[in-house]
Amino acid sequence: MDYNFTEVEKKWQQYWRENQIYKVTADPGKPKFYVLDMFPYPSGAGLHVGHPLGYIASDIYARYKRLKGFNVLHPMGYDAFGLPAEQYAIQTGTHPAVTTDKNIERYREQLDKIGFSFDWDREVKTCDPSYYKWTQWTFVRLFESWYNKKNNKAEPIQTLIHHFESFGSNGLFAAASAHESFTAENWRSMNEKSRQEMLMHYRLAYLADTVVNWCPALGTVLANDEVSEGLSVRGGHPVERKTMKNWLLRITAYADRLLEGLDHIDWSDSLKDIQRNWIGKSTGGSLLFEVDGSNHHIEVFTTRPDTIFGATFMVLAPEHELVNAITTVGQQAEIDEYVHRTKNRSERERMAEVKKVSGAFTGAYALNPFTGKKIPVWIADYVLMGYGTGAIMAVPAHDSRDFAFARHFGLEVLQVIQKPGEALSHPDNWDESYDSKEGVAINSGFINGLEVKQAIQAVVTEAEKRGIGTARINYRLRDANFSRQRYWGEPFPIYYKDGMPYALPEDQLPLELPAVDAFLPTDTGEPPLARAINWKTKEGYPLETNTMPGFAGSSGYYLRYMDAQNNERYFSEEAVNYWQNVDLYMGGAEHATGHLIYARFWNMFLFDIGMAVKSEPFQKLINQGMIQGRSNFVFRVNLEKMAEYFMWEQLKDRKTGVLFEKDYRDGSRRFDFYSAEAKLIIEIKGQKSLEKLVHPYEEYCKERGLKLLLIPIRDFFNMNEIMQRVRRVLDGEEIPAFVEKEPMNPVPVYVSKNYPGREFFSEPIHVDINLVHNDVLDTEAFCNWQPHLAGSQFILEDGKYICGWEVEKMSKSKYNVQNPDDLIERYGADTLRLYEMFLGPVEQSKPWDTQGIEGVFRFIRKFWRLFHSENNEFGLSEETPNEKELKVLHKTIKKIEEDIERFSFNTAVSAFMICTNELNELKCNKRKVLEPLLIILSPYAPHLAEELWQLCGHQQSVVMQQFPAPDTRYLVENSFSYPVSFNGKTRFKIELPADMTAADIEQAVRNAEETKKYTEGKQIKKIIVVPQRIINIVI
RNA sequence: GCCCGAGUGGUGGAAUUGGUAGACACGAAGGACUUAAAAUCCUUUGGCCAUUGCGGUCGUGCCGGUUCGAGUCCGGCCUCGGGUACCA
C-alpha cells in the first residue's frame, strides 16, 4: 500500500477536532463570508451519496474562501422535528427525541468521515429548547405585529390599537382579513373579547377558521407545499378539505416584497420563476354587482375588466357566504344538493373531475353595473373560494372554462373582443372560446374600438368614478397554515383566556414540549398535547395544543448560527452586524415553494423589527442536482421460453429444409412448432408435464396422421442431440416421440445482458449494486446473497455475466442505495469528495454510478507518488523549477481559481489530473512547484494535502495558508498554432509567432504550402484572422 | 394546458465571449512488467470509407435561418426532466 488513506484521514480528522481548526469568531479585521448548507432532517436511513454532494461543493468553496483570506462561517445542524420520528414513536412507543438523537449521532459520524470544515461549536438542533425558544419568540413577535402597508413594514400591534382608538378602522391601510369597518367609538365600546377578535384580523400570526388540507392518515393538517396532487408529499396519503381553527402566518402581506426581492438576489432563473408562479401576482380590478331585488352585492375579481360587457352570467364558489342569502325558494333544493355534494368530495376526487362541468342555478340574477342587464347567478366548484373574492363574472366568449360551462348549461355567449382583420362568426358555431389577449373591444358600449390595454384602463377608471369597482392586485399565494395536530414540534407559546389566545411573556420561554402517555390524538380528537398533564399556565389558563410545522424551525436557523450559544438573545447585534446574511446557500430546488419562501418571509419580518440587517437571507443560492440511483438488473430465465426460442432459431427460415410455423393453432389447441410439409409437431415442455400429456398428444397425432416429437426442457443443454432427432424424423425414420429421463431439479438460471434472444425469454430483476462491479456480476456473491439463489446457474457472455441497468430513484427496495461509508472504506474520503465533484456540474441531476471512481482514486495515488520515490520514500528536490514546470503550476493555479469562482468543480478536478499527468511526464518533484499545488488542492482533498504538507516539513496546517496567485509571466506563449480553415472547415495548422499582426498572419497563410493544396487554384475571396484564435479562408 | 430547463462518443462529461467538437475520466481492445494476481506503464478508441503512409467524409435531438465561421444566436418541431394547474 503506497498511500494509506485510512490512517491518514483518521489522523487529520482527529487533529482538526483537537486543535479546533475550523472554529471561527467574528473578526472585524477580516472580511466575512458565510457559506451555508440546507441542514438535513436526520432520518433513520443515514446519509446516502446524494446528500453530501452539496456539502462537499460548499465545503470546497468555504475552504477556498478561507485560503483567500476570508473569515468563513460554515456551520451545520439538524432540522430535527419531523414526521418520521413521530410515526416511529406511534408504532413503537420510542420517544421521538430518542430516535432523533440516535439518528443525529449517526449523521455526525458520517459527516465527520468526509472531512468537512464545519464549526461544530455552532451546531443547532431545532428540537432543542434552547433553540426553539427563539422560534417561539419570533412567533410571539409575529402575533404582536400587524402589517402597515403605508410604511410597507410590520409594526407593533400597539400602534394599531392607537389608531383604532383615534380613528377606528378608517384611514388604515393594512394587510388584514375581511371584516366590517368600524369607528373609534365602536372600538371604545367594544369589550375585551371583541377587541381581541378585531385585532386577530390584523395580526401577522393569527387564528382563523380555514379550509385546510386535512390528512386523516397522518392525523394532521398540511401546508399547500406539503400536498401534491391531492396526496401528502410525505407518505402519499389522501388529503381532504376540512374547515378548522388554525394558526396562520400572514405571509400574503409580504407577497409584493417577496416578489420584488427576487430581483436582487443571485438565484437561478428557474428557481425565481417557481417562486414567482407560486406567489402568482395578477393585476386587474374588482367590480361590484348588485343582486336584483335584494340589498346584496357580489364583488368579483377579474384580470380583464374590459370584457365586462361580455359577462353573461356569474358564478360563485359553493362555499360563498351569499349563496344561501340569494338562492330562491324554488332553487333551494338543487343548490343544497350541489353544495352538499361538493363539500363531501375529497381533494383527489375534485381534481380527477376537473374536466367534468357541474354547477347549479341559484335562481337569483345580478345586474351588470354598466349595462344594467340581468344575468343569472350560478354556483360551481370551478370557482374557488380561496382565490380573489370567490366569485367571478363569467365571460364565456373569451374564457375556456366559462365557455365550457355556458355550453353545458345553454347560457348566452357574447363576443366582445375582436382581432383586427378577422371576420366575425357567430359564437353559436364556435368549438372553443376566442383568444382575447390582443384585439379591440366590440359590443361594449363606451369602450368600443379600444385596444385591450386601454379598454382595461378605461373600465377601471369609469368603475372607480361610479364607485362600483377599483383596480386591484391579487395573489395566488395564501397565508401559511402554521398549526399541526402533532406532538413532535414546537409548542405554541399561547394560552387561552375567555376563548381568546394570548402570548406567554418572554420570560416564560421556552415553553417546553410536555411528556405525554401516547403520541396519538385524544379520544375526542384533540392533538397529542392535550394528553399532557397540567398543560396550562401558572394561572391555570389552558395552553395551545397544536404544535408548529416543520418549516418553523428551519426559517431562521441561519441567523442563530451567527451566535448559536447566546442565552440572552436570538443572536447578538454584534454578530448579525458582522455576519449579515448568507453569501452562498447550497441546497435542493425541492424547497423552492416551502422553506425558501418561508425563510425569506421570516427574515423580512425580523428585518422589519430590526433584528436582521438584510432583507434577503440568502444572497446567492446554488441548487445541487439530485443524485438518482443507478439500478442493476439480472435476467432471470424462463426455461420453457428459452428452449422454445432456441428451438425456433434452429427451425425458422427453412433452416431444416422444411417450413415450420411457430405457435400453430388448431381450435383450442396450440402447438409450439408445426410443419405442414413434414406433417410434424414439436412440443417443448417440462419433463413432468410431458409425462402427463404424452398420451393425449399421441392420440391427436395418430388421428391426423401426424408425427410427433416431445422434447423436455432439460434436453436443451444439448442442442445437437435434439437437432439430430429432428433430422431423423424429417428423413422419415420412426423414432419414439418421447424418451423418459430423470426429472431435473429446477435451479434459477440467469442470462447475461447481451446474450442473443435474452429479451424473449428472461425478465429483469433488481440486484444489489454492491454485487456488481462495472456492470459485471460477482456470480459467487450473488449465489450467497439470498438463500433461494444458492446454486444459481449463469449463461455468460465472454466468460462474464453482464448486468442491465437503469436510472431510478435511490431506494432500498431497488437495492441501489450507495452510502458514503462503504466508499470511504474502499477509497477514502478524499476520493469520495473528488469523485462527487468529478461526476459533473453540481447543479445538474445525475445518476450515481461508481464506474469512474477508480480514475479519481488513481489520481490520488499518482499525486502522492509525485512526492515519493518508487520505494514510497518521501523526497523533494530543492532545485529551481524550469519554465515548463512553472508554466504547468501557474496554468493550474489560474484554472483552479477560475473554476471555483464559477462553481465548476468538475473541471477543476480535471485540471488537477492534467497537472499531475504533466508533472509526472516532466518527472518534476521540485518543492517550489509541488508546495503551492498542495495549497490549491487542499479544499478538494484536505486529508491528503495536510499529510503531504506536514511531510514537506511544515508545522502549521495547510488550512491556514494563502491561496497562491498565478504568475501570468509564465503563461505567455511566444507562438500559437493557428488552425486554418477553409469556409469554416479546419484543414491544417500553422505555427506562427504569438505577437504577429493580423496582416502578417494573412500573408504568411497565403504563402503557406498547404494553402495552395486546398484552394486548388480557386480564388481566395477573403481571409479572416482572429489573432490567437483562428484563421478562416473564404474561397 | 401553461411556465422553465436539458438533449454532445459505449458511459460521466469538456468546449468560460460565435472561433481547432469530444478535454479529463471510465469502459473496451491490444501490449509491457510479473511464476501468478494486484498495482503500474505504453498504444488504440465518435461513425463510415481508405489504411502501407497520406488522407477523405459525415457528425453536438430534427428541419430551416443568420454568419467568413453555429454545440453556442434566431424561428419551427420532437423527446426527456422539473414546476404548476379550474388562480378568473
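Just so we're on the same page: letters track the sequence lines, and every chain starts at 1.
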Spacing of the P atoms in B:G5 and B:C74 (rounded, Å)
11 Å

Syn or anti for B:G9? Use the chi torsion, O4'-C1'-N9-C4 for purines and O4'-C1'-N1-C2 for pyrimidines, with syn inside 90° of 0.
syn

Quick one: is B:A21 close enough that its OP1 or OP2 comes under 4.0 Å of any side-chain N or O from A:T986?
yes

Whole-Å distance, A:K895 NZ to B:A15 P, equals 6 Å

Assign each of A:L384 and A:S981 to its nearest nucleotide of RNA chain B by heavy atoms, then name whichever residue's nucleotide is nearer the 5' end.
A:S981

Euclidean distance, atom OH of residue A:Y835 to atom P of B:G13 [Å, nearest integer]:
10 Å

Is the backbone N or O of A:P318 less than 3.5 Å from a side-chain atom of A:Y338, with the two atoms forming a donor-acceptor pair by type?
no

Could you give the CE-to-C1' distance, from A:M385 to B:C86, as a whole number of Å?
16 Å

Using a 4.0 Å heavy-atom cut-off, does A:I1024 contact any base of the nucleic acid, only the sugar-phosphate backbone, or nothing at all?
base

What's A:S268 touching, base or sugar-phosphate or nothing? Going by heavy atoms closer than 4.0 Å.
nothing

Hey, does A:R630 reach any base, or is it just sugar-phosphate, or nothing, if we go heavy atoms under 4.0 Å?
nothing

With ring pair (Phe, Tyr, Trp, His ring centres under 6.0 Å) as the criterion, how do A:Y475 and A:W278 come out once you've worked through the C-alpha distance, each side chain's angles and the decisive distance to 0.1 Å?
CA-CA 9 Å; A:Y475 298 92; A:W278 190 258; over 10 Å; no

Atom-pair distance (CD1 on A:I379; C1' on B:A88), nearest Å
17 Å

Look at A:R276 and B:C2 and indicate whether a side-chain polar atom (N or O) is within less than 4.0 Å of OP1 or OP2.
no

Taking the side chain as C-beta and beyond, is there a heavy-atom pair between A:Y387 and A:F301 under 4.5 Å?
yes

Within the side chain of A:N1032, is there an N or O that forms a donor-acceptor pair under 3.5 Å with the backbone of A:G984?
yes

Could you check which of B:G56, B:A88, B:C86 has an atom nearest any side-chain atom of A:S282?
B:A88

Atom pairs, N/O to N/O, protein against nucleotides 73-82 of chain B, distance under 3.5 Å?
none

Counting only side-chain nitrogens and oxygens, does A:Q851 get under 4.0 Å of the OP1 or OP2 atom of B:A25?
no

Carefully, step by step, assess A:F859 and A:F838 under the rule ring pair (Phe, Tyr, Trp, His ring centres under 6.0 Å).
CA-CA 12 Å; A:F859 158 75; A:F838 188 63; 9.2 Å; no

Look at all strands and tell whether A:Q844 reaches a base, only sugar-phosphate, or nothing, counting heavy atoms closer than 4.0 Å.
sugar-phosphate

With no hydrogens and no angle check, do the side chains of A:D381 and A:T342 hold a donor and an acceptor under 3.5 Å apart?
no

Base of B:C26, side chain of A:R858 - is there a donor-acceptor contact under 3.5 Å?
no

From the list B:C3, B:A15, B:U20, which nucleotide is the closest neighbour of the side chain of A:K989?
B:U20

Counting only Watson-Crick and G-U wobble pairs with both atom distances below 3.5 Å, the stems of 3 or more consecutive pairs that include RNA chain B are B:1-7 with B:78-84, B:10-12 with B:24-26, B:27-32 with B:40-45, B:46-49 with B:55-58, B:61-65 with B:73-77

With the side chain of A:R902 defined as its heavy atoms from C-beta on, choose the nearest nucleotide among B:A15, B:A39, B:A88.
B:A15

From B:A88, B:U20, B:C3, nucleotide with atom closest to A:P979 side chain
B:U20

Ignoring hydrogens and geometry, is there a side-chain-to-backbone donor-acceptor pair from A:H868 to A:W864 under 3.5 Å?
yes

At what distance, to the nearest 0.5 angstrom, does CD of A:Q1028 lie from CG of A:L992?
10.5 Å

RNA chain B: 5'-proximal contact among A:A911 and A:E854 (nearest heavy atom)
A:A911

Taking side chain as C-beta onward, heavy atoms only, is A:M837 less than 4.5 Å from A:N906?
no

So, applying salt bridge (Lys or Arg N to Asp or Glu O under 4.0 Å) with A:R276, which one of A:D263, A:D269, A:D256 is it?
A:D263

Counting any heavy atom closer than 4.0 Å, what does A:V1026 reach on the DNA or RNA strands: base, sugar-phosphate only, or nothing?
base

Please report the distance separating the P of B:A21 from the corresponding atom of B:G75, rounded so that it comes out in whole Å.
26 Å

For the pair made of CD1 in A:I860 and P in B:U40, what is the distance, rounded to whole Å?
13 Å

Rounded to whole Å, CD1 of A:I1031 lies from P of B:U20 at a distance of 13 Å

Let's see if you can work this out: which of B:C87, B:A88, B:G19 has an atom nearest to the side-chain heavy atoms of A:V383?
B:A88

Distance test, side-chain N/O of A:R304 to OP1/OP2 of B:A88, below 4.0 Å
no

Please step through side-chain hydrogen bond (donor to acceptor under 3.5 Å, both in side chains) for the pair A:R600 and A:Q275, ending with a clear verdict.
CA-CA 11 Å; A:R600 289 182 62 220; A:Q275 290 212 342; 2.8 Å; yes

Under a 4.5 Å cut-off applied to non-hydrogen side-chain atoms, are A:E1002 and A:I1023 in contact?
yes

For residues A:F976 and A:Y978, establish whether the separation of their ring centroids is below 6.0 Å.
yes

Tell me what A:P841 touches on the nucleic acid: a base, only sugar-phosphate, or nothing, going by heavy atoms under 4.0 Å.
sugar-phosphate

Just call it for A:I914: base, sugar-phosphate, or nothing, with non-hydrogen atoms closer than 4.0 Å on any strand.
sugar-phosphate

Can you tabulate the close N/O pairs, meaning under 3.5 Å, that link protein atoms to atoms of nucleotides 4-9 of chain B?
none

Candidates B:A85, B:C24, B:A14 - which lies nearest the side chain of A:M913
B:C24

is_close_aromatic(A:W378, A:F409), centroid dist under 6.0 Å:
yes

Nearest-angstrom distance, C1' atom, B:G7 to B:G13:
14 Å

Measuring from the side chain of A:N1032 (C-beta onward, heavy atoms only), which nucleotide among B:A88, B:G56, B:G19 has the closest atom?
B:G19

Rounded to whole angstrom units, what separation is found between the CG atom of A:D849 and the C1' atom of B:G13?
12 Å

Please state how far atom NZ in A:K1021 lies from atom P in B:U67, giving the value in whole angstrom units.
14 Å

For A:N906, which contact category applies under a 4.0 Å heavy-atom criterion: base, sugar-phosphate, or nothing?
sugar-phosphate

Keeping the roles fixed (side chain from A:R833, backbone from A:Y940), state whether a donor-acceptor pair exists under 3.5 Å.
yes

Contact class for A:K281 (heavy atom, under 4.0 Å): base, sugar-phosphate, or nothing?
nothing

Contact class for A:R865 (heavy atom, under 4.0 Å): base, sugar-phosphate, or nothing?
sugar-phosphate

Measure from the side-chain N and O atoms of A:H398 to the backbone N and O of A:I417, and report whether any donor-acceptor pair falls under 3.5 Å.
yes

Any donor-acceptor pair under 3.5 Å joining the side chain of A:K846 to the base of B:U11?
no

OP1 or OP2 of B:A85 versus the side-chain N and O atoms of A:R476: is any pair under 4.0 Å?
yes

Among B:A88, B:C24, B:C86, which nucleotide sits nearest the side chain of A:N917?
B:C24

Would you mind classifying the nucleic acid contact of A:D402 as base, sugar-phosphate or nothing, using non-hydrogen atoms under 4.0 angstrom?
nothing

